[in-house]
Amino acid sequence: APLTAKCGCFSTDPLSTNEHADFEGRFPEGTEIEVSFQFLTFYAEIRFVLCWTGAFGSSIGAMWRPNKSGHTTYTKIKPFDKPTCPAKFFSSAPSSSVQNTRNPSRSSVVNTDHMEDEIRRWIAQKRFEFERKGESPGDDEMPEVPALIFDIDGVFKMGGRYADFGAEALRKVIEAGLPYVLMTNGGGGRTEDEYAAEINSKLYSVEQNKLTKKRIDYVGEDQMVLSYTPFNTDFDHLKDKSVLVVGSPRCEDLAKHYGFKKAMHLTRYSCKHPLMNPFGPSGCEKDDCVVETGPEVWDENFEAVLVFTDPSNFFEGIQLITDVLLSSRPGEVEFEPDRRIPVVFSNPDLLWKTQYPHARFGQGAFRLSLEACYRARLEQLGLRPEEVEERLGDFVQYGKPEITQFSHSRRAAMKQANDMGVKISHYYMVGDNPLSDIQGAVNMNELAERKGTEGWSGMLVKTGIYREGEDTKGAEVITENVLDAVEHVLQTHSDDIEHSKRHRDLKKRYATS
């Protein structure tokens, strides 16, 4: 409900002399008026100040802020009985003054030049008092905006070639003040910080060819969710254990960066036990020559296999992982019936987009190959079908479209939104792969409907492996590229984004006052 008060003086931003004269001409002192004090937050810039008393005294009648129901209904904080608007706000000889046109004998003057500064300082003091109490008035009024989760391969880049429209798309998202995360089923063994630095360099390079703009960081380390990022948080119980690392050569350093102290790369394991792989680097059989080996020590006793990226040598990966699953000492014991350890895959994609015109096999193809060979080997060892299926249950899958992977991206987006002072109203997954990107968004939306949380939508772009006419797996929007997808989101949520910008600008203006 608006405040009813007897009018004295009125100032806004401040009003010009003519505006003051017009206001007082229509509302002479003593007139009862209704005024809504429009505060976006408790500390926002004062838009209206109402002062009254018989001698143009010194109290702010009340302060108001919006409640949860919107920005047109206001909740009264508390009227102040004692004078809180110092008398020095008012002067008989101001640089900008207003004469009461209805009562010229009355010295109705307001120093509009320094009144606003004094009120800002008063608000700063009140804010300090609230913060000392551990309270945060206005936090429940944070504006709501959408968040975007982007795939990388097939969206921003094709192999090592980055698209110029990708840089423009992220710049628009940043300017709109939206939380966003880059989530990929790849990573190549880089750390999140290394991959973010590469993307920033590549995108600025392609954007610089078209535009002369200030260099920015398009993405930070905390906005990167790589296929293996969850390994860093979900497997703390293995960080003091011996684990076999599969993937590009730098994955062993990555594993140790994550805290896996006893990580050993597949290639190093193969070099330590050279007879496990019967083929040499050239593909020729090692039995064509004599391989001299001394007494071997089989003391690794791996407790898990972590597949960070696709192994470059599928055969070596299949052979050695199968051996490790069957025995803790493969060179001494072929099969230990009681041995059970997990194999964790970071990426289920059968296909992915490179610079080659057609899709290439990904880590999903490696899993299928390993699973088929491991199954055949177990059957050859005489295990019953139910025992075989039980052991295949030790294969653990991460990466899109798994709920676990999407949950990591959601947490990253929520953290960013909290730092920005906004709430997320809806999530958009922008990708090129219906089976991973869109299916994952559909899975998350179904989960959100059950839990009553923010919904998800899948947006499919045509710059990757998707081809016109294929099953979209429930994509709500199909666009030519990521820039079109971003513009669609900006247009759909234009009102919320504009409100968020105003809110952000007010907070900046307050912070600098």
Side-chain angles (χ1 to χ4, degrees), residues 235 238 241-247 251 263-351 360-399 402:
F235 298 106
L238 292 174
K241 309 295 184 182
S242 180
V243 296
L244 181 64
V245 172
V246 180
C251 285
M264 175 180 278
H265 193 275
L266 181 74
T267 301
R268 190 155 65 93
Y269 184 58
S270 179
C271 290
K272 183 180 177 183
H273 305 290
L275 295 181
M276 293 185 76
N277 181 359
F279 300 102
S282 64
C284 298
E285 294 183 26
K286 291 179 181 176
D287 285 349
D288 289 348
C289 60
V290 177
V291 178
E292 297 291 345
T293 62
E296 294 188 73
V297 179
W298 301 87
D299 58 354
E300 295 82 11
N301 191 23
F302 296 117
E303 297 195 28
V305 178
L306 302 179
V307 185
F308 280 77
T309 70
D310 314 25
S312 57
N313 188 332
F314 266 39
F315 175 81
E316 182 171 80
I318 292 170
Q319 182 64 73
L320 270 64
I321 292 174
T322 299
D323 289 340
V324 166
L325 292 176
L326 294 176
S327 174
S328 61
R329 298 170 291 127
E332 298 175 352
V333 180
E334 182 179 23
F335 178 51
E336 296 173 333
D338 294 332
R339 178 170 173 77
R340 298 281 296 277
I341 65 171
V343 184
V344 185
F345 298 88
S346 68
N347 174 9
D349 286 350
L350 176 68
L351 303 171
R360 303 286 85 190
F361 282 134
Q363 193 183 131
F366 176 69
R367 171 173 175 163
L368 290 174
S369 303
L370 174 62
E371 197 171 65
C373 291
Y374 184 48
R375 179 190 297 274
R377 188 73 171 93
L378 292 173
E379 292 172 349
Q380 187 271 335
L381 288 169
L383 273 69
R384 299 189 305 275
E386 58 271 20
E387 292 177 314
V388 172
E389 294 302 323
E390 186 178 353
R391 284 181 172 271
L392 289 173
D394 294 331
F395 285 21
V396 180
Q397 187 65 67
Y398 276 76
E402 300 298 322

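Both backbone and side-chain heavy atoms feed into the values below; hydrogens, waters and symmetry mates do not.
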Next item on the list: Would you name the heavy atoms of D323 and P330 that are closest together and state the gap between them?
Entry: O-CG, 3.8 Å
Checklist line | Heavy-atom side-chain contact between V305 and V243 under 4.5 Å | finding: no
Check: Could you state the interatomic distance from CZ (R268) to CD (E300), rounded to the nearest 0.5 Å?
Finding: 9.5 Å
Checklist line | Side chains of S270 and E316, donor plus acceptor under 3.5 Å | finding: yes
Item checked: Which residues share a side chain to side chain contact (heavy atoms under 4.5 Å, CB included) with T322, sequence neighbours left out -> I318, L326, L370, Y374, R377
Next item on the list: Nearest 0.5 Å please: distance from the OG atom of S328 over to the CG atom of D338.
Entry: 11.0 Å
Next item on the list: Give the minimum heavy-atom separation between C251 and V246, together with the two atoms involved.
Entry: SG-O, 4.5 Å
Notebook entry, point to check: Heavy atoms, side chains only, cut-off 4.5 Å: are Q363 and D349 in contact?
Noted result: no
Checklist line | E389: side chain to side chain contact (heavy atoms under 4.5 Å, CB included) partners, not counting sequence neighbours | finding: R375, L392
Checklist line | Side-chain donor-acceptor contact under 3.5 Å, E334 with S327 | finding: no
Notebook entry, point to check: Are any non-hydrogen side-chain atoms of Q319 and M276 less than 4.5 angstrom apart?
Noted result: no
Check: So which pairs with a foot in residues 317-338 pass ring pair (Phe, Tyr, Trp, His ring centres under 6.0 Å), sequence neighbours left out?
Finding: none
Item checked: Pairing residues for F314 by the ring-ring contact (aromatic ring centres under 6.0 Å, His included) criterion, not counting sequence neighbours -> F366
Next item on the list: Please name all residues satisfying side-chain hydrogen bond (donor to acceptor under 3.5 Å, both in side chains) with K241, sequence neighbours left out, ordered by chain then number.
Entry: none
Check: With a 4.5 Å limit on heavy-atom distance, are the side chains of I341 and R339 in contact?
Finding: yes
Note to self: What I'd like to find out is whether the side chain of R329 reaches to under 4.5 Å of the side chain of E336, using heavy atoms alone.
What the structure shows: yes
Item checked: Heavy-atom closest contact (D310 atom, G362 atom, distance) -> OD2-C, 3.1 Å
Next item on the list: For Y269, enumerate each residue passing the ring-ring contact (aromatic ring centres under 6.0 Å, His included) test, keeping only those at least two apart in sequence or located in another chain.
Entry: H273, F302
Next item on the list: Evaluate the side-chain proximity of V343 to V396: yes if any heavy-atom separation is below 4.5 Å, no if none is.
Entry: no
Item checked: Inter-residue atom distance L325.CG - D394.CG, 0.5 Å rounding -> 8.0 Å
Check: Any side-chain heavy-atom pair from F345 and F395 closer than 4.5 angstrom?
Finding: yes
Notebook entry, point to check: Is the shortest side-chain N to carboxylate O distance from D299 to K272 below 4.0 Å?
Noted result: yes
Check: Between P278 and F315, is any pair of side-chain heavy atoms under 4.5 Å apart?
Finding: yes
Next item on the list: Enter the distance from L244:CG to M264:CE here, rounded to the nearest 0.5 Å.
Entry: 8.5 Å
Notebook entry, point to check: How many angstroms lie between atom CG of N313 and atom CG of L266, to the nearest 0.5 angstrom?
Noted result: 8.0 Å
Check: How many angstroms lie between atom CD of E387 and atom CZ of R384, to the nearest 0.5 angstrom?
Finding: 3.5 Å
